[in-house]
Structure formats: C-alpha cells, structure tokens
Q: 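Here it is: the structure, laid out below.
The sequence lines fix the lettering, A, B, ..., with proteins before strands; numbering per chain opens at 1. Bear in mind that the values here come from a model prediction, so they are computed numbers and not experimental data.
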There are 2 protein chains.
Amino acid sequence: MARPVEFDENKVLTSAMEQFWREGYEASSVQKLLDCTGINRGTLYNSFGDKNTFFKSCVDQYNRLVGKQIANSLKNEKLHAWDAITAYFDEAVINVSNKHRSMGCLLVNSLCESINYDRDMKKVVRASLASIRKALVLRLKEAQKKGKLKKGISVEFAADVLMNCLHGVRVNSRDGKNSKQLSELIRHTVASLKK
Amino acid sequence: MARPVEFDENKVLTSAMEQFWREGYEASSVQKLLDCTGINRGTLYNSFGDKNTFFKSCVDQYNRLVGKQIANSLKNEKLHAWDAITAYFDEAVINVSNKHRSMGCLLVNSLCESINYDRDMKKVVRASLASIRKALVLRLKEAQKKGKLKKGISVEFAADVLMNCLHGVRVNSRDGKNSKQLSELIRHTVASLKK
DNA sequence: TTATTAATGGAATTTCCATTCAATTAACAA
DNA sequence: TTGTTAATTGAATGGAAATTCCATTAATAA
C-alpha cells in the first residue's frame, strides 16, 4: 500500500478556517495557509486542491462548528422555544473564546468581502446562513403555536429580525464589542419578539 | 506655471470608492482602480499616493457621502427626533440606488475584511462609524427629553441598538435583501425603542 | 517665444502570488 | 526483501501584483 498521511485533516482544516476567518480570503495567501497549518505546499495541492477549493472545505469546517452550536441549542429538545433560541446566541456569540468572538463570523465576513462576486462561493455561504435561519424558524413556529410570539409578528419576519440581529452582533464583535454588550443587544431583540 | 490636472478629483475618488466598496481592498488591484477611474498609473501614484493612502482618501469620500445623509436627516432641525432617525435610515439604506444598496456599507465591509488587522485603517473606519453614532445620540437625547424613549432604555443603549440594526441591515443588503424587507426590519427596531 | 513646472503615459522593475512538477520517502502486499 | 502506491518536499514556473522612473506634454509667467 501507499504511504499514509501524516497530517491531521481536522486540525489542518481548523487552522486554515481560522486563517480565512481572521484575515479573509484574499489576504490569506497560500504561504500563510502553509504556515498556520504546518503542511507543505505539495501536500496542500495534492490533498485539498487549489486555494478556492480549500476555502470551500474550510467553510464546510465552519458549518460543522455552526452545526454543533445548533445541536447544543436549537435542537435541544429539553429547552423551550425561546430558551433554545437564547441558548443558540449564547453558543454562537457569548460563550466563545475572545479570540473567536473578535473575528466575527466567517460567513458574514465572506459576504462582505468580494467573495460576494464569486457566484459559487456566494452560494456556499448563503446555504450556510439559510441553515441557521431554518433552525430558528422551527423554534419560532413552536413559540407561535404556544402563543409565545408577539401578535402581529409572523414566524418568517421574526426569523429575519433574529438573523439581522445576529449579523449586526457579528459586525460589532469584529469591531471589538465585549460579550456583555453583545448579550444586551441580543436580549433586547429577543424581548421585542417574545410574548 | 505647471501643466494643469486633467482629471476631476471628485469623480476619480467616487469611482475608486465604488470599486473598493464593491470588491473590497485586497481584490481591488491598482489596475482595476486605473480602469474604473480612467486615470493613469503615474497620475495615481503622483496625485494620490500608494494604494493604502488612496484607499483612505476613498474612505474620506465615503464619509462625505455619509455626512450628507446625516445632514439631510439627523441634522434636519425641521424633523422631530424619531422622524429624523427614521429619515436617516431612509437616506442611508432605503432611498439609495439598488446598485449602492446591494454593495452594503464600505465601513462594514472593511471591518469584515482583513482591514481589521491594519491598525491605521481600523482607526479611520471606526472614527467614521463613531460619527454616525454621535449624530444618533444627539437625537436620542432629544427623544428622551421629550419622553419619547421607552423607559428603562438609556440613550447610549438605544444608540447601540440602532447601530446594531444598521450593521445587520448592511450585511443583509449585501446579501441581496430588497428595500421593503430592510425597511420592515428598521421599523421593527425603531418601534422597540420608541414610546 | 522660451524657460519653468508639474501632469501624464507607459515601459521597466521587483516582489509576491498561485500552481506545477519531479525527486524522495514511507508503508505494506507479495 | 522488493515492488507498488501515494504522500511529502521544496525548487521551479509563470503570471500578476505594486511601485518606480523617465521621457513627453501642456500651460503660463517672464
């Protein structure tokens, strides 16, 4: 058989994901990706394809992170609708390391970078954001069914409000706001929807 | 005397500002800046300095745009506090061309790009955002004095909520949301603060 | 007209980027 | 042991990036 891989794929993807997350796609040169992952040039191209393909794999890695946060909160059956929603914001924004919080959100950052003009990447990023919204919608429907959604507010609109808050908070995170300030912004938004 | 300038400084700055705004700092090569402004390589370096310096001049140009929007709304003495605040969002987000709306906000985009890691640029971008917040605070103080701010909400916190909404809306703009959807998000946030 | 001055145009330079490639290495099946 | 296969390595390639430089141009003051 052939020589076995020496690198830890998961660690490589996580390191590269953080590089893209911190500095964006364009400013993350292949050299920087090699430095932060510790792998070699040829290894990168052989095992992960070109920079574009590698970036998409890193977004997938980010999606797995997001997926875990959703699993711990929105999909936690033990929590009531609004508690689950609040728990998601805690998982995604509040109870994360200062390092991660100050980097904002890879998806939002990518949307704001020129990536927007690369159709393929835009599609990948949008799909990820849509999956977050979808999980919120499920819980908002539950809240509505139990009469816990303010009247006059539709589930879809409430989801838009929460996503808008999330985006805002992510920009504010990247601007250096601390978890306490962010937490108050989130609380205010949730209170504006909750009955 | 010397040969007079042939280019229109204001037009050049506006074209370049839109290039940076659309595609970001890194993806905007000097060649693209020459193409969109119509000026020549030597002219750019002679009259505007290097790419970094040029970018900052473009942010200044953007700030003049923001300044006009604030002058037309928040600083309009004929409007009552909340009308002025709503008018600002209209000026900045709703009543702009689809082209501009879909580009989001140069300041937010820059914050989300790696620009964040260039101290000097971060300072410029932050100062601009602070000037918007300052104008909002003035009107929120007025609203509070007239008893038009929901009780339990401080002027500073209300400003944070509005800035958070603005950031969120800017990301959503860049993601392609239309003016009607954005307008509803803004209305909801204003209603959550207004008495 | 002419000297002066700065703008203009674009070739030239240098650096950095993404990507390829051939040589080397390591595991394992036979 | 040996042949096979794929991983690893880093030098090499080619193109694009930012920036510099200088010959040319144009206005005007003298």
Q: State, without any angle test, whether B:D50 and B:T53 hold a side-chain donor-acceptor pair at a distance under 3.5 Å.
A: yes
Q: Can you sort out which residues in residues 48-57 of chain B have a heavy atom within less than 4.0 Å of DNA chain D? Ascending by number, please.
A: B:D50, B:K51
Q: So which of residues 33-44 of chain B are in contact with DNA chain C, with a heavy-atom cut-off of under 4.0 Å?
A: B:N40, B:R41, B:G42, B:T43
Q: Under 3.5 Å, is there a donor-acceptor pair between the B:S28 and B:Q19 side chains?
A: yes
Q: Does B:N164 form a side chain to side chain donor-acceptor pair (under 3.5 Å) with A:N172? I'd like the steps, not just the answer.
A: CA-CA 7 Å; B:N164 196 58; A:N172 269 314; 2.8 Å; yes
Q: In terms of the angle between their ring planes, are B:F54 and B:F20 parallel, tilted or perpendicular, with boundaries placed at 30° and 60°?
A: perpendicular
Q: Report the nucleotide, chosen from D:dA18, D:dA7, C:dC17, that has the shortest atom-to-atom distance to any side-chain atom of A:S29.
A: C:dC17
Q: Which whole-number value in Å describes the distance from B:K32 NZ to D:dA18 C1'?
A: 15 Å
Q: Atom CZ of B:F7 to atom C1' of C:dA7: distance rounded to whole Å?
A: 8 Å
Q: If you find the nucleotide of DNA chain D closest to B:E6 and the one closest to B:Q31, which residue's nucleotide is nearer the 5' end?
A: B:Q31
Q: Does the separation of the ring centres of B:F7 and B:F48 fall below 6.0 angstrom?
A: yes
Q: Starting at atom CG of A:N46, determine the distance to atom P of D:dA7, rounded to an integer number of angstrom.
A: 6 Å
Q: Which whole-number value in Å describes the distance from B:Y45 OH to D:dC22 C1'?
A: 17 Å
Q: Could you check whether the rings of A:H100 and A:W21 sit parallel, tilted or perpendicular, using 30° and 60° as the cut-offs?
A: tilted
Q: Which atom names give the shortest non-hydrogen contact between A:Y25 and A:E113, and what distance separates them?
A: N-OE1, 2.7 Å
Q: Among the clusters formed by ILVMFWY side chains lying less than 4.5 Å apart, do B:V93 and B:L65 turn up in the same one?
A: yes
